[in-house]
Peer 1: 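To start, I am sharing the structure in question, which I have written as structure tokens.
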Number of protein chains: 2
Amino acid sequence: MSKSRDHSHAASDRRDWARQVEKFCGQRELQLTPLRRQVLDILAGAQAPLGAYAIIEALSREQGKAVAPPTVYRTLDFFLENGFLHKVESRNAYAPCEHLGRRHHGILLICARCGRTDEIESPRVDEMLQETAAKAGFSAQRQMVEVEGLCEACGKAA
Amino acid sequence: MSKSRDHSHAASDRRDWARQVEKFCGQRELQLTPLRRQVLDILAGAQAPLGAYAIIEALSREQGKAVAPPTVYRTLDFFLENGFLHKVESRNAYAPCEHLGRRHHGILLICARCGRTDEIESPRVDEMLQETAAKAGFSAQRQMVEVEGLCEACGKAA
DNA sequence: AAGTGAACCGTTATAACATAACACGTCGGC
DNA sequence: GCCGACGTGTTATGTTATAACGGTTCACTT
Ligand SMILES: [Zn+2]
Ligand SMILES: [Zn+2]
Ligand SMILES: [Zn+2]
Ligand SMILES: [Zn+2]
């Protein structure tokens with residue numbers, strides 16, 4: 001079934017992500033505290049990027065008591081700073097980085113129908129973007145590329 | 001001084017934008033009402049993309065009484081739907097489209113220092129993005145490309 | 001002329017997203 | 001024992017966006 005390079009978003013992928021984050025934290029001496037692990041699991045268990053408040057709700061359910069926004073935002077900051085997560089700017093949501101450990105600019109493919117995202121990398125796009133910006137006298141530092149459309153599954157369904 | 005293709009963001013550019021919007025509304029029988037014209041002028045008078053609440057404040061000042069959010073958001077929707085404005089997703093702000101009348105995906109260059117934006121077009125980037133997405137089984141419909149860095153002026157200053 | 005519907009705008013309230021500021025506990029170095 | 005770094009809890013607030021309802025105008029119909 002699975003080709004060498006697929007974009008299936010199976011639960012196994014996300015579990016993999018969680019394991020890799022764990023590994024990275026070990027390597028870099030970052031503290032993967034109980035709270036962080038809990039948020040990690042919530043994110044790993046989601047099929048699509050979650051908003052901060054969705055995480056707050058999930059966490060509150062699990063803990064049986066209300067969790068306040070700063071608690072979750074701090075955790076998200078930790079993940080973002082360490083490159084474990086990308087913020088989906090057009091949706092105010094947070095998606096696991098699918099290329100952990102590689103220095104990269106992600107390109108996010110966002111399905112308009114099912115809401116799932118896929119992250120791809122393209123050095124060529126990155127380069128061309130740099131160049132194109134440079135032609136306008138602009139020196140690029142950071143880039144955000146989000147593409148909305150239909151994922152493979154939803155494309156077939158439609 | 002000015003080359004055939006510059007990105008100066010002079011006040012004249014933005015005034016030009018306002019005139020063109022006016023023209024388009026005439027051509028397509030879109031109503032450029034007093035409220036819309038007022039918002040248009042506020043946007044045209046800004047040096048950098050404005051947030052909705054900045055527009056609300058400007059409008060409230062001009063009208064001498066409080067203007068409520070829906071009033072402005074509806075106006076923004078009108079401009080967005082007709083392609084007069086781009087939303088800067090990474091900043092929750094709204095920037096004049098610098099390529100009115102052309103069907104295009106804008107690439108926004110956002111200066112981290114002065115906050116101004118420049119919109120450029122690149123069919124090559126667009127194509128490559130389409131292709132790259134297609135390779136992942138994804139059919140792209142809309143794309144948001146935002147690049148943060150230093151504009152020409154700020155680059156020289158630094 | 002009265003009736004109808006679309007487009008626009010005002011108004012109130014609320015939802016959704018995000019951060020400031022301060023307090024407390026733990027742990028490791030000194 | 002003291003200190004500072006780090007992580008978390010808590011309260012309050014700031015920022016961005018939309019829902020829902022009402023009223024006016026105007027073009028079009030009957
Ligand atoms: Zn990534
Ligand atoms: Zn889909
Ligand atoms: Zn444009
Ligand atoms: Zn600048």
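A note on names: the letters A, B, ... follow the listed sequences, proteins ahead of strands, and every chain is numbered from 1. The figures here come from the full heavy-atom set of this structure, side chains too, leaving out hydrogens, waters and symmetry mates.
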Peer 1: Take atom OH of B:Tyr53 and atom C1' of D:dA17, then tell me their distance rounded to the nearest Å.
Peer 2: 6 Å

Peer 1: Could you state the interatomic distance from CZ (A:Phe138) to CG (B:Leu108), rounded to the nearest 0.5 Å?
Peer 2: 10.0 Å

Peer 1: Nearest whole angstrom, please: distance from the P of D:dT15 to the CG of B:Leu50.
Peer 2: 15 Å

Peer 1: Are A:Lys87 and C:dA18 close enough that a side-chain N or O sits under 4.0 Å from OP1 or OP2?
Peer 2: yes

Peer 1: So, B:His104 versus B:Glu119: side-chain donor-acceptor pair below 3.5 Å or not?
Peer 2: yes

Peer 1: When the distance from OH of A:Tyr94 to P of C:dA16 is rounded to whole Å, what number comes out?
Peer 2: 16 Å

Peer 1: Calculate the interatomic distance between A:Asn82 atom CG and D:dC6 atom P; express it in whole Å.
Peer 2: 13 Å

Peer 1: If you look at every strand shown and take non-hydrogen atoms under 4.0 Å, does B:Arg74 touch a base, only sugar-phosphate, or nothing?
Peer 2: base

Peer 1: Would you kindly give the CD1-to-P distance between B:Ile56 and D:dT16, to the nearest whole Å?
Peer 2: 10 Å

Peer 1: Is the NZ or CZ atom of A:Arg36 positioned over A:Phe79's six-membered ring, under 6.0 angstrom from the centre and within 45° of the axis?
Peer 2: no

Peer 1: Rounded to the Å, how far apart are B:Gln63 CD and C:dC9 C1'?
Peer 2: 11 Å

Peer 1: Stacking between B:Tyr73 and D:dT18, defined as ring centres under 5.5 angstrom apart with planes under 30°, is that present or not?
Peer 2: no

Peer 1: Heavy atoms only, 4.0 Å cut-off, all strands: where does B:Thr71 land among base, sugar-phosphate and nothing?
Peer 2: base

Peer 1: Verify whether the ring centers belonging to B:His105 and B:His86 lie closer than 6.0 Å.
Peer 2: no

Peer 1: For the side chain of A:Thr33, counting heavy atoms from C-beta on, which of C:dC9, D:dA17, D:dG7 is nearest?
Peer 2: D:dG7

Peer 1: Tell me what B:Arg91 touches on the nucleic acid: a base, only sugar-phosphate, or nothing, going by heavy atoms under 4.0 Å.
Peer 2: nothing

Peer 1: Quiz question: by atom type and distance under 3.5 Å, do the side chains of B:Arg116 and B:Gln47 form a donor-acceptor pair?
Peer 2: yes

Peer 1: I want to check one thing: is the phosphate of C:dA18, taken as OP1 and OP2, less than 4.0 Å away from some side-chain N or O of A:Asn92?
Peer 2: yes

Peer 1: If you assign each of B:Val67 and B:Gln31 to its closest nucleotide in DNA chain C, which residue comes earlier from the 5' end?
Peer 2: B:Gln31

Peer 1: Measure the distance from CG on B:Leu80 to P on D:dT16 and round it to the nearest whole Å.
Peer 2: 16 Å

Peer 1: Mind calculating the distance between CG (A:Leu35) and P (C:dT26) to the nearest angstrom?
Peer 2: 16 Å

Peer 1: Looking at D:dT8, C:dT19, C:dC9, which one has an atom nearest to any side-chain atom of A:Pro69?
Peer 2: C:dT19

Peer 1: Of the listed nucleotides (C:dC9, D:dG9, D:dT11), which one gets closest to any side-chain atom of A:Ala68?
Peer 2: D:dT11

